[in-house]
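Written out below as structure tokens is the structure these notes cover.
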Number of protein chains: 2
Amino acid sequence: MKETNETNDLQKAGLKATLPRLKILKFLESTAVRHLSAEDVYKAMLDGGDEVGLATIYRVLTQFESAGLVTRHHFEGGHSVFELNEGKHHDHIVCVKCGKVEEFYDETIEERQHLIADKNGFSMTDHALTIYGICSGCQ
Amino acid sequence: MKETNETNDLQKAGLKATLPRLKILKFLESTAVRHLSAEDVYKAMLDGGDEVGLATIYRVLTQFESAGLVTRHHFEGGHSVFELNEGKHHDHIVCVKCGKVEEFYDETIEERQHLIADKNGFSMTDHALTIYGICSGCQ
DNA sequence: AATTAGAATGAGAATAGTTCGCATTTGGAG
DNA sequence: CTCCAAATGCGAACTATTCTCATTCTAATT
Ligand SMILES: [Mn+2]
Ligand SMILES: [Mn+2]
Ligand SMILES: [Zn+2]
Ligand SMILES: [Zn+2]
């Protein structure tokens with residue numbers, strides 16, 4: 001009967017509570033760095049003594065994305081960056097020097113996006129807004 | 001003394017007016033499809049009887065980008081999309097069904113982005129905003 | 001607790017998009 | 001017209017990601 005939070009989260013998402021999935025989910029919940037590439041996750045888990053194949057990392061992150069447990073972003077360069085989904089939508093501001101990522105939410109921008117979609121006859125399904133700049137520490 | 005517009009544009013950009021660069025620039029100026037991948041450009045030029053090596057397409061598009069002649073985007077999927085730079089900044093709304101791309105410019109969003117960058121101590125250098133949705137023709 | 005069928009994993013091959021290395025060609029300054 | 005640095009074409013190399021498939025694991029059922 002004793003079930004961990006993570007086991008429950010996975011089952012609620014319709015995913016078997018396998019060891020790799022549990023390890024990845026726990027890692028995402030515990031890491032201080034919120035925005036990570038698949039390779040980042042792979043290496044961090046290696047360092048933590050939890051070896052999971054890279055292909056599995058990719059598969060699981062994609063499954064987590066479909067299940068709404070994580071979000072995927074494409075910051076410049078094109079490759080995927082993942083973060084644990086904490087439920088609150090936000091966009092990003094990225095330092096082009098050091099890679100630092102800050103999060104923000106702006107109601108006005110969100111509203112305008114819907115207006116623009118409507119004006120163009122689109123029913124909006126999603127959006128991606130990333131501001132690039134140089135952070136205070138880098139200038 | 002007789003110089004084509006394109007030859008001048010290239011020279012102003014500090015680029016030698018080579019045949020491949022002239023062909024690519026003329027193609028970008030004449031095509032009805034504004035947003036193209038390197039492969040798209042490659043194939044379109046083949047069809048037009050102007051064969052240019054794919055590596056050259058990539059090199060030239062990147063040089064054009066540095067020179068400000070074209071802009072590069074990363075719509076979802078990760079691979080690069082290029083468009084001729086007509087001088088007026090804009091963002092994009094992309095149909096996730098058919099790939100149709102519309103352009104828009106919203107002063108309020110532009111202003112807010114600067115505010116947000118400032119508030120976070122960033123000096124903004126760039127931004128990428130793409131709205132995804134389903135176009136009128138696809139719903 | 002043992003069985004078991006189907007789902008998940010790991011390892012490496014395969015793929016897509018892009019860049020690189022280098023021998024050959026070309027543009028344009030002199 | 002000459003000549004060299006710059007540009008091109010080709011295939012090899014690379015990077016991020018997905019696929020294949022033999023092996024292992026999960027969890028439902030005896
Ligand atoms: Mn985030
Ligand atoms: Mn555009
Ligand atoms: Zn920085
Ligand atoms: Zn459409």
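Scope of the values below: all heavy atoms of this structure, side chains included, with no hydrogens, waters or symmetry mates. In what follows, chains are A, B, ... by sequence order, proteins preceding strands, each numbered from 1.
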Original post:
What's the closest nucleotide to the B:Thr56 side chain, out of D:dT20, D:dG11, D:dT8?
Top reply: D:dT8
**OP:** Could you please spell out the steps behind the side-chain hydrogen bond (donor to acceptor under 3.5 Å, both in side chains) verdict for A:Thr62 and A:Arg59?
**Re:** CA-CA 5 Å; A:Thr62 300; A:Arg59 272 186 302 236; over 6 Å; no
Original post:
Taking NZ from B:Lys43 and C1' from C:dA16, how many angstroms apart are they, rounded to a whole number?
Top reply: 12 Å
**OP:** Would you please confirm or rule out a distance under 4.0 Å between OP1 or OP2 of D:dA7 and any side-chain N or O of B:Arg21?
**Re:** yes
Original post:
Side-chain N or O of B:Gln11 less than 4.0 angstrom from OP1 or OP2 on C:dG27?
Top reply: no
Original post:
What integer distance in Å separates A:Phe82:CZ from D:dT17:C1'?
Top reply: 10 Å
Subject >> B:Asp91 side chain reached by B:Phe104 side chain, heavy atoms, under 4.5 Å >> reply: yes
Original post:
With nearest nucleotides of DNA chain C determined for B:Glu39 and B:Pro20 from heavy-atom distances, which residue corresponds to the more 5′ nucleotide?
Top reply: B:Glu39
Original post:
Of the options A:Glu102, A:Glu29, A:Glu86, which is the one that meets A:Arg34 in a salt bridge (Lys or Arg N to Asp or Glu O under 4.0 Å)?
Top reply: A:Glu86
Subject >> Touch class at under 4.0 angstrom, heavy-atom based, for B:Ser80 against every strand present >> reply: sugar-phosphate
Original post:
From D:dG9, C:dG27, D:dA27, pick the nucleotide closest to the side chain of A:Ala17?
Top reply: D:dA27
Original post:
Tell me: CG of B:Leu54 to C1' of C:dA16, nearest whole Å?
Top reply: 11 Å
Original post:
Is any side-chain nitrogen or oxygen of B:Thr18 closer than 4.0 Å to OP1 or OP2 of D:dT8?
Top reply: yes
**OP:** Can you tell me the distance, in whole Å, between the CD atom of B:Gln63 and the P atom of D:dT8?
**Re:** 6 Å
Original post:
Whole-Å distance between C:dA16 P and B:His79 NE2?
Top reply: 13 Å
Original post:
How many Å lie between CG on B:Leu10 and P on D:dA6, as a whole number?
Top reply: 17 Å
Original post:
Okay, side chain of A:Thr31, backbone of A:Phe27: is any donor-acceptor separation there less than 3.5 Å?
Top reply: no
**OP:** Say whether A:Val41 and A:Leu69 are linked into one hydrophobic cluster, either directly or through other cluster members, by side-chain heavy-atom distances under 4.5 angstrom.
**Re:** yes
Original post:
In whole angstrom, what separates A:Ile57's CD1 from D:dC19's C1'?
Top reply: 17 Å
**OP:** Would you kindly give the NZ-to-P distance between A:Lys16 and C:dA8, to the nearest whole Å?
**Re:** 6 Å
**OP:** Verify the contact: side-chain N or O of A:Tyr58 to OP1 or OP2 of D:dT18, cut-off strictly under 4.0 Å; return yes or no.
**Re:** no
